[in-house]
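The next block holds one structure in the form of structure tokens; read it before the comments.
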Amino acid sequence: MDVDLEDLVDLEQRFYEVGYRDGMDHGRLHGLIEGRALGKEKGFEIWEEIGFYLAFASTWRAILTIQQSNDSRISTHLSHLLELIEKFPMHNPSPKLGGDPVDPSGESVEIDITALLNRIRGRYKALCSSLGTRPRLAPASAIGRLEEDGTLGAAGEPIVERGDLVSQSTEANQSTVWSFTAAVKKAGAEGMTF
């Protein structure tokens with residue numbers, strides 16, 4: 001009977017190597033799945049914030065256009081904020097799609113999303129300071145908590161105090177609407193909150 005003891009001595013090492021390879025393959029697969037899910041979640045949060053800034057700036061630009069305001073500081077902050085938002089990438093460059101973004105000179109450009117987002121946040125705060133409003137951003141997850149607390153109505157609109165509302169008469173009926181000027185007067189030096 002011829003028994004090769006070398007196979008028995010190396011048995012533990014072979015099982016270790018097989019287990020290690022299987023674990024690495026399994027970890028790589030689940031890491032990709034978890035990374036993709038986390039990337040979608042964080043990407044949505046970032047774009048929710050960018051969308052808020054875009055809507056805020058666009059709304060104030062429209063208000064100032066209607067009021068024919070010529071405050072150059074506010075206009076500068078508005079235009080810079082909108083330019084920064086335009087520069088924010090809308091897709092993640094991948095090798096399949098042609099690699100890194102390319103500028104007009106043909107060179108590859110690497111975008112630092114964190115730095116750009118911080119610049120957008122800073123410009124938003126500067127704009128709020130110029131407008132006399134309080135910088136504020138509530139993520140969508142916080143709105144769910146507001147509904148549970150009872151600070152949001154059934155239709156999703158914030159419940160406001162009676163002092164913030166002004167009655168406007170129409171020919172057919174009486175309706176209550178929010179008054180911008182009344183809110184500005186009420187806010188005073190503290191600024192407004194949206």
Side-chain angles (χ1 to χ4, degrees), residues 34-94 97 101 109-166 176-194:
E34 186 177 343
R36 187 172 290 128
L38 182 65
K40 285 180 182 177
E41 179 183 337
K42 294 301 173 186
F44 179 80
E45 287 175 8
I46 288 171
W47 270 102
E48 180 182 26
E49 184 177 351
I50 296 294
F52 170 80
Y53 296 143
L54 178 62
F56 182 86
S58 300
T59 301
W60 275 103
R61 177 170 272 170
I63 289 171
L64 295 173
T65 302
I66 290 170
Q67 294 179 349
Q68 297 177 349
S69 175
N70 292 330
D71 190 344
S72 64
R73 192 172 71 160
I74 293 174
S75 299
T76 302
H77 288 309
L78 272 170
S79 61
H80 283 249
L81 179 60
L82 291 170
E83 286 173 16
L84 287 172
I85 291 171
E86 267 184 41
K87 290 180 185 177
F88 205 82
M90 291 192 176
H91 68 279
N92 189 11
S94 67
L97 298 175
V109 177
E110 189 169 322
I111 298 171
D112 187 357
I113 292 176
T114 307
L116 185 57
L117 186 58
N118 286 334
R119 288 178 59 200
I120 290 171
R121 288 174 179 154
R123 189 56 70 172
Y124 164 70
K125 289 177 184 176
L127 176 61
C128 287
S129 176
S130 297
L131 291 168
T133 62
R134 203 174 315 157
R136 187 168 164 211
L137 172 66
S141 57
I143 292 174
R145 288 192 301 271
L146 289 174
E147 288 173 345
E148 292 169 5
D149 293 346
T151 53
L152 278 183
E157 70 279 350
I159 297 174
V160 293
E161 299 173 14
R162 189 72 180 154
D164 290 344
L165 299 174
V166 173
T176 305
V177 288
W178 182 73
S179 170
F180 178 74
T181 53
V184 170
K185 289 177 185 174
K186 181 181 175 187
E190 297 174 6
M192 294 179 54
T193 304
F194 290 93

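When a residue number appears, it is its place in the shown sequence, counting from 1. Here the structure is a predicted model, which means the values were calculated and not measured.
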To the closest 0.5 Å, what do you measure between [atom1] ([X]) and [atom2] ([Y])?
X      : Y      : atom1 : atom2 : value
Leu127 : Arg73  : CG    : CZ    : 10.0 Å
Leu84  : Leu116 : CG    : CG    : 6.0 Å
Ser130 : Arg123 : OG    : CZ    : 9.0 Å

Checklist entry - Closest approach of Pro135 and Cys128, non-hydrogen atoms and distance? => result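 Here Pro135 and Cys128 meet closest at CA-SG, 3.8 Å.
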Next on the checklist: Restricting to non-hydrogen atoms, name the atom on Trp47 and the atom on Pro89 that form the minimum distance, rounded to 0.1 Å.
Outcome noted: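 That would be CZ2-O, 3.2 Å.
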Item to check | By side chain to side chain contact (heavy atoms under 4.5 Å, CB included) - contacts of Thr114 (at least two apart) | outcome: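 So Thr114 forms a side chain to side chain contact (heavy atoms under 4.5 Å, CB included) with Asp112, Asn118.
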Is the shortest side-chain heavy-atom distance between [X] and [Y] below 4.5 Å?
X     : Y     : answer
Ile74 : Trp60 : no
Leu78 : Leu64 : yes
Leu81 : Leu54 : no
Phe88 : Ile85 : no

Next on the checklist: Between Arg61 and Ser75, does the side-chain contact (heavy atoms from CB on, under 4.5 Å) criterion hold? Intermediate values first, please.
Outcome noted: CA-CA 8 Å; Arg61 177 170 272 170; Ser75 299; over 6 Å; no
Checklist entry - Is there a donor-acceptor pair closer than 3.5 Å between any side-chain N or O of Ser129 and the backbone N or O of Lys125? => result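 Not confirmed, Ser129 side chain does not pair with Lys125 backbone.
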Checklist entry - Pairs in or reaching into residues 82-92: which pass salt bridge (charged side-chain N to carboxylate O under 4.0 Å, His left out), with residues at least two apart or in two chains? => result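 For residues 82-92, and leaving out neighbouring residues, there are no salt bridge (charged side-chain N to carboxylate O under 4.0 Å, His left out) pairs at all.
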Next on the checklist: Classify the ring geometry of Tyr53 against Tyr124: parallel below 30°, tilted from 30° to 60°, perpendicular beyond 60°.
Outcome noted: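 Tilted.
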Checklist entry - Considering residues at least two apart in sequence or located in another chain, which fulfil the salt bridge (charged side-chain N to carboxylate O under 4.0 Å, His left out) criterion with Arg121? => result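 Residues passing salt bridge (charged side-chain N to carboxylate O under 4.0 Å, His left out) with Arg121: Glu49.
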